[in-house]
S.K.: 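Handing you a structure now.
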Amino acid sequence: DTIKIMPVGNSITAGEHYGFPALEERTGYRKPLYEMLVKSGYQVDFVGSQSHGIRPKSCDDWYDWNCEAYPGWKIPDIAGKLKIALETCQPDILLVHVGTNGKDWDEKPGQVSDMLDMIDQFSVDRDHPVTVFLCLIINRYKDEDPAPTSKFNQEVANMVKTRTGDKIRIILVDMENG
C-alpha cells in the first residue's frame, strides 16, 4: 500500500521554494528522504496543498514535491492550513518541524500542543490513525543564543510525554542535536 506522508513546517520544510534549479543550501530534507524511502522499497506519496520543488517528471532530479510548508509563518497559521489539508489529503504520517519563526518562545510550546490536539481530534473524528514525527527544532543561527531553542525543545519533549491518551502516535525526533 502507498503511505501518504505530509511534510509540515516552515522554509526548512519547503526547501526549494526559491526556484528551480535549487541552490544546494536550500534543498531541504524532502528530496533525499523521498529518494531514500523509494530506494528502500516503500511506496510513498508526499501530500499537501503546497508544491515546493516542482520539476518535470522527465527530469533525472524529480521527486514528489507536495508538502504543507509555509516559509516565514508561525505555528498557529500553519496549524490553520494543516487542519484543511488533513481533511483533503488524509495523510498516514506527518513530519512536523515548526517553531523556527518568531521570538514568541513562551507561547510556542502551547501552540504545538494545540496543533497536536487538532491532529488528534482529526484522527478520532475520522477513525484514521496518524503517526506524527514531531521534530525538536534546530538552532538556526550560530551567532544567536541557543537557550530559547533548547528551552522550547525541552518543553515540547516534556509535553509529549504527558500525551498518553492520544489516538495519534507521536515520535519525537531530535533535530537540535542531530
S.K.: Heavy atoms, side chains only, cut-off 4.5 Å: are D92 and D1 in contact?
M.R.: no

S.K.: A side-chain contact here means heavy atoms from C-beta on lying under 4.5 Å apart; do Y29 and H97 qualify?
M.R.: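 Y29 does not reach H97 side chain to side chain.
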
S.K.: Give, for atom CE of M159 and atom OG of S113, the distance between the pair rounded to the nearest 0.5 Å.
M.R.: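 Atom-to-atom, M159:CE and S113:OG are 5.0 Å apart.
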
S.K.: With a 3.5 Å distance limit and no angle check, can you tell me whether N153 reaches the backbone of I137 through a side-chain donor-acceptor pair?
M.R.: yes

S.K.: Counting N and O atoms only, with roles assigned by atom type, does the side chain of D166 sit under 3.5 Å from a partner on the main chain of I168, one being a donor and the other an acceptor?
M.R.: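 No, because the side chain of D166 does not come within donor-acceptor range (under 3.5 Å) of the backbone of I168.
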
S.K.: Any side-chain heavy atom of I5 within less than 4.5 Å of one from V47?
M.R.: no

S.K.: Under 4.0 Å between a side-chain nitrogen and a carboxylate oxygen: does that hold for E35 and K31?
M.R.: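 The answer is yes: the pair qualifies as a salt bridge.
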
S.K.: Under 3.5 Å, side chain of D104 to main-chain N/O of E107, donor-acceptor pair present?
M.R.: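 No.
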
S.K.: Looking at every heavy atom in both Q50 and E68, which two are closest together, and how far apart are they?
M.R.: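 For Q50 and E68, the tightest heavy-atom pair comes out as N-OE1, 4.2 Å.
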
S.K.: Which pair of non-hydrogen atoms, one from L86 and one from M6, has the smallest distance, and what is that distance?
M.R.: N-CE, 4.5 Å

S.K.: Can you give me the closest heavy-atom contact between K108 and T100, atom names plus distance?
M.R.: NZ-C, 4.2 Å

S.K.: Under 30°, 30 to 60°, or over 60°: which ring-plane class applies to Y63 and Y34, parallel, tilted or perpendicular?
M.R.: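 Rings of Y63 and Y34: tilted, 30 to 60°.
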
S.K.: Do you know the tightest heavy-atom contact between C89 and K4?
M.R.: O-NZ, 2.7 Å

S.K.: Given K151 and W105, is the side chain to side chain contact (heavy atoms under 4.5 Å, CB included) satisfied, shown in steps?
M.R.: CA-CA 9 Å; K151 182 178 183 241; W105 292 106; over 6 Å; no

S.K.: Can you name the closest pair of heavy atoms from N10 and G99 and give their distance?
M.R.: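 Closest approach of N10 to G99: OD1-N, 3.7 Å.
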
S.K.: Do NZ/NE/NH1/NH2 and the carboxylate oxygens of E87 and R126 come within less than 4.0 Å?
M.R.: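 Yes, E87 and R126 are salt-bridged.
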
S.K.: Answer with yes or no whether the side chains of D117 and Q121 bring together a donor and an acceptor at under 3.5 Å.
M.R.: no

S.K.: For residues V44 and D64, report the shortest heavy-atom separation together with the two atoms involved.
M.R.: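 Looking at all heavy atoms of both residues, the shortest contact is O-OD2, 4.5 Å.
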
S.K.: For R163, is the CZ atom crowded, meaning more than 12 foreign heavy atoms sit under 6.0 Å from it?
M.R.: yes

S.K.: Given the rule in the side chain to side chain contact (heavy atoms under 4.5 Å, CB included) test, do L172 and K161 qualify, once you have shown the distances and angles that lead to the verdict?
M.R.: CA-CA 10 Å; L172 216 53; K161 289 178 188 174; over 6 Å; no

S.K.: Measure the shortest side-chain to side-chain distance between I119 and L82 over non-hydrogen atoms and say whether it is less than 4.5 angstrom.
M.R.: yes

S.K.: Would a 4.5 Å heavy-atom cut-off, applied to side chains only, mark P7 and W65 as touching?
M.R.: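 They are not in side-chain contact.
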
S.K.: Following the transitive rule for hydrophobic clusters with a side-chain heavy-atom cut-off under 4.5 Å over Ile, Leu, Val, Met, Phe, Trp and Tyr, establish whether L94 and M118 coincide in one cluster.
M.R.: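 Yes, same cluster.
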
S.K.: Going only through I, L, V, M, F, W and Y residues with side-chain contacts under 4.5 Å, is there a path from V112 to V130?
M.R.: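 Yes, V112 connects to V130 through the hydrophobic network.
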
S.K.: Let's go through E176 and I138 carefully: what are the C-alpha distance in whole Å and the side-chain angles of both, what is the deciding distance for side chain to side chain contact (heavy atoms under 4.5 Å, CB included) to 0.1 Å, and is it a yes or a no?
M.R.: CA-CA 4 Å; E176 179 181 18; I138 62 168; over 6 Å; no

S.K.: Step by step, would you call Y70 with S49 a side chain to side chain contact (heavy atoms under 4.5 Å, CB included)?
M.R.: CA-CA 10 Å; Y70 299 93; S49 66; 3.2 Å; yes

S.K.: Could you tell me whether the side chain of R30 reaches within less than 4.5 Å of the side chain of F46, counting heavy atoms only?
M.R.: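 Touching, per the 4.5 Å side-chain cut-off.
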
S.K.: Is there a continuous path of hydrophobic side-chain contacts, each under 4.5 Å between heavy atoms, that joins V98 to V173?
M.R.: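 No: no chain of side-chain contacts under 4.5 Å links V98 to V173.
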
S.K.: Identify the residue among D125, D120, D127 that makes a side chain to side chain donor-acceptor pair (under 3.5 Å) with K167.
M.R.: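 Among D125, D120, D127, the one that satisfies the side chain to side chain donor-acceptor pair (under 3.5 Å) with K167 is D127.
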
S.K.: Between S51 and N66, is a side-chain hydrogen bond (donor to acceptor under 3.5 Å, both in side chains) present by the stated rule, with each step listed?
M.R.: CA-CA 5 Å; S51 52; N66 300 113; 5.5 Å; no

S.K.: Compute whether any side-chain donor of one residue and acceptor of the other, for T2 and D45, lie under 3.5 angstrom apart.
M.R.: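 No donor-acceptor contact under 3.5 Å links the two side chains.
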
S.K.: Hey, quick one: are I3 and L33 part of the same hydrophobic cluster, counting side-chain heavy atoms closer than 4.5 Å, chains of contacts allowed?
M.R.: yes

S.K.: Test your reading of the model: is there a side-chain donor-acceptor pair from S150 to the backbone of P146, 3.5 Å cut-off?
M.R.: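 Checked: pair present.
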
S.K.: Check whether F133 and L37 end up in the same hydrophobic cluster, where Ile, Leu, Val, Met, Phe, Trp and Tyr are linked by side-chain heavy atoms less than 4.5 Å apart.
M.R.: yes

